[in-house]
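First the proteins, then the strands, lettered A, B, ... as listed; each starts at 1.
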Amino acid sequence: MASQVPQNAQDSAPPNTSYGRSLGESLSVQRRVIDALLRREMLTRYGRHNIGFMWLFVEPMIFTIGVTILWTSTKSIHGSDLPIVAFALTGYSSVLLWRNMPGRCIGALQANLPLMYHRNIKVGDIYTARLLLEFGGATISFTGLSVLLIAAEWMEPPDDVLKVFAGWLLITWFGCALAIGLGALSHMSELVDKLWHPFSYLLFPLSGAAFLVVALPQFAQDIVLWIPIVHGIEFVREGFFGSRARAIYDLGYLIPFNLVMSVVSLIALRYVSRRVVPE
Amino acid sequence: MMRVRDLRKVYRTRFDDNLVLDGVSFDLAMGDRLGILGRNGAGKSTMIRLISGAERPTAGTIETSMSVSWPLAFGGAFQHQLTGFDNVAFISRVYRQDFERNIAFVEQFAELGPYLREPVMTYSSGMRARLAFAISMIIEFDCFLIDEISAVGDARFHDRCNYELFEKRGDRAMIIISHDAAYVRDHCNRWGVLHDGKLALYDDFEVAYADFKKLIGWKPPPGWMELQVSTA
């Protein structure tokens, strides 16, 4: 009798297993769960008041505009004659992308523990929904502001849009892998939450958002290029400025780094998923 | 049919390992209503959580061809900033259920009136219990896990819960945990006593209850007049 296929397998696989479900069915369950989590997350975070979910991208836009104004007015030393508006936009948008993802995933499981009673909802789904939201918000903010600034002629259109997009995805990959790893670890130790804030704050000036690698002295370049995210931002900038700026990056460092970090993060996710105790 | 075999659960605490379940086995068929008695901390809720799939056992297997509910009476994964309405929408999406039909049922059962569209954090505990129970009823599971539902709500609410569970869904399997022995006696047809990580099974409530009282060291207080739980 135990081998019977569940009558309504789409909604209720047996506990602890997912047998009796094809890959297609599993994918459709997961899509539905992530869709439900996304809507729930948007309602919880932004509510139905004033501009509602538009805060998703308005908030990062305000941040980026503020930083752009600040850097323009202080003539921030970025070590080249590049237009500062485009420099600030590419730099700060990237920071928002990789920094907010871990910020949203750390402690996310703790806040959503009751959801673990629904066996279709997995730990990874909670992170996925939050990462999709962060990616959406940062991407809409980045592209929206780019279009606006280009239309207002404060900025030239990017030299190579595809390259910008590819760089953006590499930074997203870095952010997601870091976020899932730190999110899972934060469930095991609260130290992660405590240390992430100073760490991300210190990483910001080192991340390449506020300088071009080429403008640094050689010994500083050697140090800074150990930080993987620098390569991503340099790549985005190359897409934006083309030959007007010399970008220094090595995808042969960033991509393997992302790969290894993804594997480590998924192991941590699996470890936590197997041990999670709902409330 | 559900087959639970040699279920073990060990929680690691800071000082040593805490063995909560030590080889629990039983079968449960449709129509079986298994009432579990056990003192505080005996592992009743842990057992329910393992069966619901919310947690993994340290060892042992749970095989089932039934769809199993989440533990009823627990909040139903409310997001407290969201309205009752939004919470129903969330559950309907996760379980692919017809939202219009569900919201109509919740409106009628939970009797929240305009509060259905207010955040759950503004609800009284009775209102939360009604919403939680109504949400649990919108998905037609084969097996319901019921963790101390008699602890909340008023008599009218209990009557309506009992109607929904035992009249309308009398053909389903259930596992019921309660400290209210009369509730377990009246609504179950099989009983179990959970003690020291082991589950003993009974077909007669009086035998189960007598063993349970012995295990927890229950002694009649002075002047006790054979009142007990009346078996009418």
Side-chain angles (χ1 to χ4, degrees), chain A residues 1-20 25 28-49 111-123 125-126 129 188 270-279, chain B residues 1-5 7 9 11-12 27 29-30 45-46 48-58 60-72 74-83 85-87 89-97 117 119 136 139-143 145 147:
Chain A
M1 267 179 287
S3 60
Q4 274 178 7
V5 176
Q7 293 133 0
N8 43 353
Q10 80 275 20
D11 289 328
S12 42
N16 308 328
T17 65
S18 51
Y19 55 69
E25 282 167 342
S28 109
V29 169
Q30 189 161 29
R31 216 191 43 231
R32 207 168 66 234
V33 165
I34 289 173
D35 172 58
L37 285 169
L38 267 178
R39 290 162 191 262
R40 177 177 182 271
E41 192 70 26
M42 292 221 282
L43 274 176
T44 316
R45 263 177 82 180
Y46 307 111
R48 292 201 170 86
H49 307 294
N112 282 304
L113 269 186
L115 288 183
M116 292 295 102
Y117 277 107
H118 301 285
R119 77 168 54 93
N120 284 343
I121 305 178
K122 306 291 181 207
V123 178
D125 297 336
I126 293 173
M188 295 185 253
R270 188 178 162 84
Y271 183 89
V272 166
S273 301
R274 286 175 161 272
R275 283 162 186 78
V276 64
V277 180
E279 287 202 311
Chain B
M1 187 72 181
M2 178 188 292
R3 284 156 52 89
V4 175
R5 288 292 175 273
L7 217 52
K9 183 69 187 178
Y11 284 112
R12 209 151 283 170
D27 288 347
M30 288 296 271
S45 297
T46 300
I48 288 254
R49 281 207 301 268
L50 295 182
I51 293 169
S52 80
E55 241 180 284
R56 281 162 188 274
T58 309
T61 56
I62 303 162
E63 286 175 14
T64 178
S65 55
M66 300 192 280
S67 59
V68 183
S69 78
W70 64 81
L72 266 65
F74 129 84
F78 291 152
Q79 185 78 9
H80 287 230
Q81 294 112 298
L82 295 187
T83 64
F85 186 90
D86 290 330
N87 277 293
F90 176 73
I91 295 290
S92 300
R93 276 195 202 99
V94 168
Y95 288 88
R96 193 158 60 190
Q97 299 279 316
R117 279 157 208 279
S136 312
I139 297 142
E140 293 297 345
F141 293 108
D142 298 330
C143 174
L145 307 175
D147 190 347

Legend entry - For B/Asp86, all residues meeting salt bridge (Lys or Arg N to Asp or Glu O under 4.0 Å), sequence neighbours excluded: A/Arg48
Inset, instruction - With rounding to the nearest 0.5 Å, note down the distance linking CZ in B/Arg93 to CG in A/Leu38. - result: 10.0 Å
Legend entry - More than 12 heavy atoms of other groups within 6.0 Å of B/Arg5 CZ: yes
Legend entry - Closest contact, heavy atoms only, A/Val276 versus B/Glu55: O-CG, 3.4 Å
Inset, instruction - To the nearest 0.5 Å, tell me how far A/Asn120 CG sits from B/Arg96 CZ. - result: 10.0 Å
Legend entry - Separation of B/Gln81 CD from A/Arg45 CZ (nearest 0.5 Å): 12.0 Å
Inset, instruction - Measure the spacing between NE2 of A/His118 and OH of B/Tyr95 and express it to the nearest 0.5 Å. - result: 5.0 Å
Legend entry - Which of A/Thr44, A/Asn112, A/Val33 touches chain B most, by non-hydrogen pairs under 4.5 Å: A/Thr44
Inset, instruction - Examine distances only and state if a side-chain atom of A/Arg119 and a backbone atom of B/Ala54 form a donor-acceptor pair shorter than 3.5 Å. - result: no
Legend entry - Qualifying residues under salt bridge (Lys or Arg N to Asp or Glu O under 4.0 Å), relative to A/Arg39, sequence neighbours excluded: A/Asp35
Inset, instruction - Compare all side-chain heavy atoms of B/Phe90 with those of A/Leu43 and state whether any distance is below 4.5 angstrom. - result: no
Legend entry - Between CZ on residue B/Arg12 and CZ on residue A/Arg275, distance to nearest 0.5 Å: 7.5 Å
Legend entry - A/Tyr117 side chain near B/Arg49 side chain, heavy-atom distance below 4.5 Å: yes
Inset, instruction - Kindly check if the number of other-residue, nucleotide or ligand heavy atoms within 6.0 Å of OH (B/Tyr11) is above 12? - result: yes
Legend entry - Side-chain heavy-atom pair A/Arg40, B/Leu82 within 4.5 angstrom cut-off: yes
Inset, instruction - Check whether A/Ile121 gets within reach of chain B through its side chain, its backbone, both or neither, counting any heavy atom under 4.5 Å. - result: side chain
